[in-house]
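Data first, discussion second: the structure below is written as structure tokens.
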There are 2 protein chains.
Amino acid sequence: MSTSERLIEATQELLWERGYVGTSPKAIQQAAGAGQGSMYHHFAGKPDLALAAVLRTSAEMRETAGRLLDGPGSAYERISAYLLRGREVLRGCPVGRLTMDPEVVASDALRAPVDETIGWLRERLAGILQEGLDAGEFAPGIVPREVAATIVATVQGSYVLARASGSADAFDSAVRGLLSLLAPHVTTDRPA
Amino acid sequence: MSTSERLIEATQELLWERGYVGTSPKAIQQAAGAGQGSMYHHFAGKPDLALAAVLRTSAEMRETAGRLLDGPGSAYERISAYLLRGREVLRGCPVGRLTMDPEVVASDALRAPVDETIGWLRERLAGILQEGLDAGEFAPGIVPREVAATIVATVQGSYVLARASGSADAFDSAVRGLLSLLAPHVTTDRPA
DNA sequence: GTCTATATTCTGATAGAC
DNA sequence: GTCTATCAGAATATAGAC
């Protein structure tokens, strides 16, 4: 693999693990097995390299989520497949994590791919919710764009619960709770 | 106010804004209007001062949330009041934010108050959900501890959506979506 | 309790040789 | 393309005077 590739991948890993503020050029070089001169030859500096890494991570995330959301099954089944997919829960979300970084949020260039990825996911979920609504799978009162935001938020927040407790259990609980709220269900308050 | 107090409060603000990794002793001293000698007289170092700040922030969060959850109204109304309370959405959650910090998660001392606060909130919500369940307010199938995790996760994740987009709107959407899923509702699929 | 001086290591680069 | 200096400033303290 090229040095440039190794630098980008090392940066992706470090941004995921330590965020932008916590990642130094030196740490990137060591992880990539590249010298300083090499890094500054291929990239203008830390912001430039971080942007390349964030763009890559964002694209990979869309790829992964897209595959599950475009899969077979009912709307509920596809959303369920997305929620239950294997994740490295204790590492957090490589995209969502960046929103807690002050320097990422302060930079339009760095924030844009994060915003676009999350926005894309939300719209994709909203579309599926609408399909399910049309098919009578969900409670008729729900607003697709709002519930889509709830789904994305639950995933993002579940990482917070898991990392706080040091265990993936909380992530799974929150997802199960969401699926139970979303599930096609028959209420018991039938008219007598 | 005492120098020690000013140091703690300045640290609370900086941890909220920039996290542990992004906060330097120097920045704390400047924000508190205290010299280096002063800071190291009152606290052993950055980890010690951060711990004092995190304990303070955690206690304040429990105070705020507790007041709303102990308020008047039905279970749904109290949960709704908690979800809809005024927040500085774009600043993120001062407690949850810490879970994305590698040094906080790596330190048992720093992570403990975060874990306890989130755990306390979840249990408190689970209790209220159980009350509501007993009163017939919610769909009978829900599991209080799971849905409580979903509620906490939605709040935490809603901050992510808001910060990604640079607007508080996404936070409100996700919360409305959750409330609509949680709401006592009558399904249309009544037996004919 | 607070201040200034000093120390070591890291950060984020630039310069120029190979 | 990669390497080795070199550098100004920040991070995280310690020491000792006041």
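Remember, predicted model here, so these are calculated numbers, not experimental data. Every chain is numbered from 1 and lettered A, B, ... according to where its sequence line falls, protein lines coming before strand lines. The basis for the numbers below is simple: all heavy atoms, side chains too, and nothing from hydrogens, waters or symmetry mates.
A cation-pi arrangement, defined by a distance under 6.0 Å to the six-membered ring centre and an angle within 45 degrees of its axis, is absent between A:K46 and A:Y40. Cation-pi contact between A:R111 and A:Y20: absent, since separation from the ring centre below 6.0 Å together with deviation from the ring axis within 45° is not met. Judged by the 6.0 Å and 45° rule, B:R97 forms no cation-pi pair with B:W16.
Hydrophobic cluster membership of A:V21, counting Ile, Leu, Val, Met, Phe, Trp and Tyr whose side-chain heavy atoms lie under 4.5 Å apart directly or via other members: B:V21.
A search for side-chain contact (heavy atoms from CB on, under 4.5 Å) contacts involving A:V143 returns A:E146, not counting sequence neighbours. Residues satisfying the side-chain contact (heavy atoms from CB on, under 4.5 Å) test with A:A148, not counting sequence neighbours, are A:R122, A:L125, A:A126, A:L129. B:E77 is linked by a salt bridge (charged side-chain N to carboxylate O under 4.0 Å, His left out) to nothing, counting only residues two or more places apart in sequence or in another chain.
A heavy-atom distance below 4.0 Å to DNA chain C is reached by none of the residues of residues 106-113 of chain A.
Neither OP1 nor OP2 of C:dG1 sits under 4.0 Å from any side-chain N or O of B:T3. For B:H41, no side-chain nitrogen or oxygen approaches OP1 or OP2 of C:dC3 to under 4.0 Å.
In this entry the distance linking CG of B:L14 with C1' of D:dT12 reads 16 Å, nearest Å. For B:I28 and D:dA10, the CD1 to P distance is 16 Å, given to the nearest whole Å. Protein atom CD of B:Q29 is 12 Å distant from nucleotide atom P of C:dT4, rounded to whole Å. Going from atom CG of A:L49 over to atom P of C:dT11 covers 15 Å, rounded to whole Å. B:H42 has its NE2 atom 17 Å from the C1' atom of D:dA13, to the nearest Å.
Ion pairing between a basic and an acidic side chain is recognised when a charged N comes within 4.0 Å of a carboxylate O; B:D70 and B:R124 show such pairing.
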Expected string for nucleotides 12-18 of chain C under the B/S/- scheme (protein heavy atoms, under 4.0 Å, primed atoms plus P, OP1, OP2 as sugar-phosphate) is SBB----
